[in-house]
Amino acid sequence: MAETVPHRGLDAQGYIEREGSLGRVPHAFRPVVATARDRLIDLYGGRLNSAYLYGSIPRGTARVGRSDLDLLVVTRREPTEEDRSAARDLGEALDKEFPEIDGVGTLLYGWARLLSEPETYDLGWFVACLCTPLLGEDLAEDLPRYRPDSLLARETNGDLGLLLPRWRERIASTEDTDTARRPLVRFMSRHLVRTGFTLVMPRWNGWTSDLGEMAEAFAAYYPGRAAELRRAAVLGHGPTGDARVLRSYVDDLGPWLAAEYARVHGVKTPRPQGPDQTVA
């Protein structure tokens, strides 16, 4: 069995360091980031509390024409349908105007929910550790420091068992083409790799957002499932539209991972509000 050893992603006190910065944004992506920032101000005005980048662009690992632009938009009040529509329109416009990106993913939340007690070790941790401030106040100043422990593992990814029925519905309702399935393969691959990683995160004793490194950390503790997670890491970067991949996720790897996660860390605490606020 692999032993607990120091890994990157932690500071000297063992807390997860915030990843990413505006200074790491590759030159090719700076125009789209600047445009997104300006248009967010125009779209939301006084309703906007904060905006963040997350993902490969602020980490400096984005690939031109292959990586998407990931945004977190925080409104002063609970987002309205008008707010969500504005975010969708912005994402579609940026995707058309900038060939450097392959799509835009936007998360939209109200300020109060992100700082609520139930979200401290889920959305709060996401803001404090994985998001790079772009506009407005930084909510991380009102959040605690985080260690890669079992509490964080449970509250971030301990809901896979609840998500799988929704995944099956999404697969069933998706057009039967490789093109239509490819975004699902990318999304589900990434989610499963991250869940596999956080399953072993407390023993691995560190943090990484690199899918390949996540899969290797998992492999050290679950060699019997290593090949599946390594394959998912590859598909998270370069997805196919193979329906068999999606079936294997919801019929085999996903159910196994959900059961093992519940056994090791428990099930995520129920939230008073729905978890999915992805609008684009």
Side-chain angles (χ1 to χ4, degrees), residues 1-25 50 52-61 70 72 74 107 109 113-134 137-160 190-223 225-226 229-230 233 236 257 260-269 271 275:
M1 178 62 66
E3 298 294 330
T4 298
V5 294
H7 282 280
R8 70 179 182 124
L10 304 183
D11 65 14
Q13 288 75 45
Y15 293 107
I16 298 174
E17 293 184 307
R18 192 177 215 169
E19 62 178 27
S21 71
L22 294 181
R24 295 182 187 175
V25 174
S50 315
Y52 300 82
L53 298 175
Y54 68 96
S56 61
I57 289 180
R59 292 199 304 267
T61 60
D70 293 310
L72 168 63
V74 185
L107 297 173
Y109 290 99
R113 180 173 177 185
L114 291 177
L115 293 183
S116 67
E117 184 177 354
E119 296 293 355
T120 300
Y121 288 89
D122 189 6
L123 292 175
W125 164 78
F126 174 68
V127 170
C129 295
L130 304 190
C131 290
T132 296
L134 182 65
E137 65 175 305
D138 183 8
L139 301 185
E141 296 176 2
D142 297 314
L143 292 163
R145 306 293 306 282
Y146 297 89
R147 297 185 186 275
D149 55 20
S150 186
L151 171 62
L152 184 61
R154 185 185 74 234
E155 293 305 306
T156 53
N157 287 295
D159 58 349
L160 181 59
R190 292 180 178 185
H191 194 106
L192 290 174
V193 172
R194 290 165 182 155
T195 303
F197 169 70
T198 51
L199 171 63
V200 304
M201 176 181 65
R203 287 180 283 175
W204 193 73
N205 190 36
W207 174 261
T208 177
S209 283
D210 181 273
L211 294 179
E213 191 169 10
M214 285 181 165
E216 291 308 314
F218 171 87
Y221 300 93
Y222 292 94
R225 290 278 182 169
L229 219 70
R230 286 173 175 141
L257 188 53
E260 182 66 5
Y261 213 99
R263 184 187 72 82
V264 175
H265 298 301
V267 177
K268 185 175 184 175
T269 305
R271 300 293 190 263

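The basis for the numbers below is simple: all heavy atoms, side chains too, and nothing from hydrogens, waters or symmetry mates.
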- [ ] Indicate whether any N or O donor in one side chain lies under 3.5 Å from an N or O acceptor in the other, for Tyr121 and Thr269.
- [x] no

Open item on the list: Working to the nearest 0.5 angstrom, can you tell me the gap between Thr120 OG1 and Leu114 CG?
Closed with: 10.5 Å

TODO: Run the numbers on Thr156 and Phe126 for side chain to side chain contact (heavy atoms under 4.5 Å, CB included), then give the verdict.
DONE: CA-CA 9 Å; Thr156 53; Phe126 174 68; over 6 Å; no

Open item on the list: Under a 4.0 Å threshold between the charged nitrogen and the carboxylate oxygen, would Arg230 count as salt-bridged to Glu216?
Closed with: yes

TODO: Scan residues 120-129 for pairs that pass salt bridge (charged side-chain N to carboxylate O under 4.0 Å, His left out), counting only residues two or more places apart or in two chains.
DONE: Asp122-Lys268, Asp122-Arg271

Task: Side chains of Val25 and Leu53 in contact at under 4.5 Å (non-hydrogen atoms) - done: yes

Task: CG on Leu160 to CG on Leu192, rounded to 0.5 Å - done: 6.0 Å

Task: Basic-acidic side-chain contact under 4.0 Å: Arg145, Asp11 - done: yes

TODO: Please confirm whether the backbone N or O of Thr208 pairs with a side-chain atom of Arg8, one donor and one acceptor, at under 3.5 Å?
DONE: no

Open item on the list: Holding to ring pair (Phe, Tyr, Trp, His ring centres under 6.0 Å), I want the full list of residues that pass it with Tyr52, two or more places apart in sequence or in another chain.
Closed with: none

- [ ] Applying ring pair (Phe, Tyr, Trp, His ring centres under 6.0 Å), name anything that partners Tyr15, two or more places apart in sequence or on another chain.
- [x] none

- [ ] Assess whether side chain to side chain contact (heavy atoms under 4.5 Å, CB included) is satisfied between Thr195 and Val193, documenting all intermediate values.
- [x] CA-CA 5 Å; Thr195 303; Val193 172; over 6 Å; no

Open item on the list: Keeping Ser56 on the side-chain end and Thr61 on the backbone end, is there a donor-acceptor pair under 3.5 Å?
Closed with: no

Open item on the list: What verdict does the side chain to side chain contact (heavy atoms under 4.5 Å, CB included) test give for Tyr146 and Trp207, after you've listed the backbone C-alpha separation in whole Å, the side-chain angles of each residue and the deciding distance to 0.1 Å?
Closed with: CA-CA 11 Å; Tyr146 297 89; Trp207 174 261; over 6 Å; no

Task: Distance (rounded to the nearest 0.5 Å) between Trp125 CH2 and Ile16 CD1 - done: 6.0 Å

Open item on the list: Just by distance, no angles: are the side chains of Glu19 and Tyr54 close enough, under 3.5 Å, to form a donor-acceptor pair?
Closed with: no

TODO: Kindly say whether Asp159 contributes a backbone atom to a donor-acceptor pair with the side chain of Tyr261 at under 3.5 angstrom?
DONE: no

Task: Rounded distance (nearest 0.5 Å) linking atom CE of Met214 with atom CZ of Arg194 - done: 6.0 Å

- [ ] First locate atom CZ of Arg190, then atom OG of Ser209, and finally report the distance between them rounded to the nearest 0.5 Å.
- [x] 11.0 Å

Open item on the list: Using only atom types and a distance under 3.5 Å, with no angle test, would you say the side chain of His265 pairs donor to acceptor with the backbone of Leu199?
Closed with: yes

TODO: Decide salt bridge (Lys or Arg N to Asp or Glu O under 4.0 Å) for Arg18 and Asp138; before the verdict, give the C-alpha distance in whole Å, the side-chain angles of both, and the deciding distance to 0.1 Å.
DONE: CA-CA 12 Å; Arg18 192 177 215 169; Asp138 183 8; 2.7 Å; yes

- [ ] Show your reasoning for whether ring pair (Phe, Tyr, Trp, His ring centres under 6.0 Å) applies to Phe218 and Trp204.
- [x] CA-CA 9 Å; Phe218 171 87; Trp204 193 73; over 10 Å; no

- [ ] Run the numbers on Asp70 and Ile57 for side chain to side chain contact (heavy atoms under 4.5 Å, CB included), then give the verdict.
- [x] CA-CA 8 Å; Asp70 293 310; Ile57 289 180; over 6 Å; no

Open item on the list: I need the Arg147 CZ to Asn205 CG distance, nearest 0.5 Å.
Closed with: 9.5 Å

